[in-house]
Each structure stands twice: as structure tokens, then as C-alpha cells.
> 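Take this structure, written in C-alpha cells, and hold onto it; I'll ask about it next.
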Amino acid sequence: QVQLVESGGGLVQAGGSLRLSCAASGRTFGSYAMGWFRQTPGKEREFVAAISWSGYRIYYADSVKGRFTISRDKSQNTGYLQMNSLKPEDTAVYYCAASTSVVDLRENSGSRYWGQGTQVTVSS
């Protein structure tokens, strides 16, 4: 079992930055891939970024490539999403997820553990 808790969301102006954190509990978190997803009302939850358990494989959605950076600190059981050059269209609830497969995260499929979400609002 893996429990995930996101933090770091908030209100920021366009062009600004935020860093989201995902604190994990569970002894086996280090062996899981981790990802970030986001969702706006009336839309499907969409993939944002994912990182393999080793940290060597990283994937991004085209919409955030070059602006967002995913990372993880296995010693702290924590994952991060650094978001720079934020745009109003980045406004969403952001969710952390863990899976045994980084490809499943990238493809937005398969069995995953989810956090409760954190709101990010970017004003224009």
C-alpha cells in the first residue's frame, strides 16, 4: 500500500512558479514510478509528467514540456513538480500518482495509487 499527500498548490500570476510536493508513505514507495496528473471541471484527468522508480526515465505532456520539471527524492519518500512560466490554462487540481509502471502513468492507464489533489490557480 502507498499513501500519497500533495501540497504546494495555490494562486499565482501568469508567468510565475510553484513547486508541488507529494509525500509518500509505505515501505515500497521507492520501487514505484511516480507521476502528476491534472483535472479541470467537466474534463478527464490528464497526464502531466512521470518519473520511473530509478529516476532515469522521465516523460512530459507536450503542453508542459520545457516549463515543468518532475523529480523525486527517494531518501525522503517525496516527489516534486516544479512548475515555471505558468499559464492560465495550467489551472487545475493536480494529483500525484504512483504505479509499478512508468509507461502506465504516461499512458494514463493501469492500476495507480492517488493522492487527494491540490488546487493550482493561475491568474491572467
> Of the non-hydrogen atoms in Thr78 and Ser21, which two are nearest, and what is the gap between them?
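Looking at all heavy atoms of both residues, the shortest contact is CG2-CB, 4.4 Å.
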
> Nearest 0.5 Å, please: how far is OG in Ser124 from CD in Gln13?
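The CD atom of Gln13 sits 9.5 Å away from the OG atom of Ser124.
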
> Among the clusters formed by ILVMFWY side chains lying less than 4.5 Å apart, do Val48 and Val120 turn up in the same one?
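Both belong to a single hydrophobic cluster.
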
> Spell out, as yes or no, whether a donor-acceptor pair under 3.5 Å connects the side chain of Arg19 to the backbone of Ser17.
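Not a single qualifying donor-acceptor pair exists.
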
> Might you point out which heavy atoms bring Cys96 and Met34 nearest each other, and give the distance in Å?
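Minimum heavy-atom contact is SG-CG, 4.1 Å.
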
> Between Lys74 (side chain) and Trp53 (backbone), is there a donor-acceptor pair under 3.5 Å?
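Between the backbone of Trp53 and the side chain of Lys74 there is a qualifying donor-acceptor contact (under 3.5 Å).
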
> Is there a path from Trp114 to Val102 through hydrophobic residues (I, L, V, M, F, W, Y) whose side chains come within less than 4.5 Å of each other?
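Yes; tracing contacts between hydrophobic side chains, which count when under 4.5 Å, links both residues.
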
> Would you find a donor on one side and an acceptor on the other, under 3.5 Å apart, between the side chain of Arg67 and the backbone of Ser85?
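Yes.
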
> Any donor and acceptor pair, going by atom type alone, linking the side chain of Arg57 with main-chain N or O of Ala50 inside 3.5 Å?
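Looks like no, no N/O pair under 3.5 Å.
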
> Specify the closest pair of heavy atoms between Ile70 and Gly35, including all atoms of both residues, with the distance to one decimal.
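Shortest heavy-atom contact: CD1-CA, 4.3 Å.
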
> When you check the gap from the basic side-chain N to the acidic O, do Lys87 and Asp90 get nearer than 4.0 Å?
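No, this pair does not count.
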
> Could you state whether Tyr95 and Met83 fall into the same hydrophobic cluster, counting links through intermediate Ile, Leu, Val, Met, Phe, Trp or Tyr residues with side-chain heavy atoms under 4.5 angstrom apart?
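Cluster IDs for Tyr95 and Met83 differ.
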
> Would you say Val12 and Trp36 are hydrophobically clustered, going by side-chain heavy atoms of ILVMFWY under 4.5 Å?
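Yes; Trp36 is reachable from Val12 via cluster members.
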
> Are Leu86 and Val93 grouped together when hydrophobic residues (ILVMFWY) are joined by side-chain heavy atoms under 4.5 angstrom apart?
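No; Val93 is not reachable from Leu86 via cluster members.
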
> According to ring-ring contact (aromatic ring centres under 6.0 Å, His included), who are the partners of Tyr60, at least two apart in sequence or on a separate chain?
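For Tyr60 there are no ring-ring contact (aromatic ring centres under 6.0 Å, His included) partners, ignoring immediate neighbours.
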
> Can a donor-acceptor pair be found, under 3.5 Å and without considering hydrogens, that links the side chain of Thr91 to the backbone of Val122?
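Answer holds: yes.
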
> Kindly compute the distance separating OH (Tyr80) from CG (Asp73), expressed to the nearest 0.5 Å.
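Reported to 0.5 Å precision, the distance equals 5.5 Å.
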
> What closest approach, in Å, do Thr40 and Ala92 show between heavy atoms, and which atom pair accounts for it?
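Of all heavy-atom pairs spanning Thr40 and Ala92, the closest is CG2-CB, 3.7 Å.
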
> Whether Arg45 engages the ring of Phe37 as a cation-pi pair (distance to the six-membered ring centre under 6.0 angstrom, angle to the ring normal within 45°) should be assessed.
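Arg45 over Phe37 ring: no.
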
> Say you draw a straight line from CG of Leu81 to OG1 of Thr118; how long is it, rounded to the nearest 0.5 Å?
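If I round to the nearest 0.5 Å, the distance is 11.0 Å.
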
> According to ring-ring contact (aromatic ring centres under 6.0 Å, His included), who are the partners of Tyr113, at least two apart in sequence or on a separate chain?
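Tyr113 satisfies ring-ring contact (aromatic ring centres under 6.0 Å, His included) with Tyr32 only.
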
> A side-chain contact here means heavy atoms from C-beta on lying under 4.5 Å apart; do Arg38 and Ser63 qualify?
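Contact flag for Arg38/Ser63 side chains = yes.
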
> Does Leu105 reach the side chain of Tyr59, with side-chain heavy atoms less than 4.5 Å apart?
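They are not in contact (no side-chain heavy atoms under 4.5 Å apart), so the answer is no.
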
> Nearest 0.5 Å please: distance from the CD atom of Gln82 over to the CG atom of Leu20.
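Output value for this atom pair is 9.0 Å.
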
> Drop me the distance from Arg72's CZ to Ile58's CD1, to the nearest 0.5 angstrom.
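Taking CZ in Arg72 and CD1 in Ile58, the distance rounds to 10.0 Å.
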
> Just by distance, do the side chain of Glu6 and the backbone of Gln116 share a donor-acceptor pair under 3.5 Å?
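Looks like yes, one N/O pair under 3.5 Å.
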
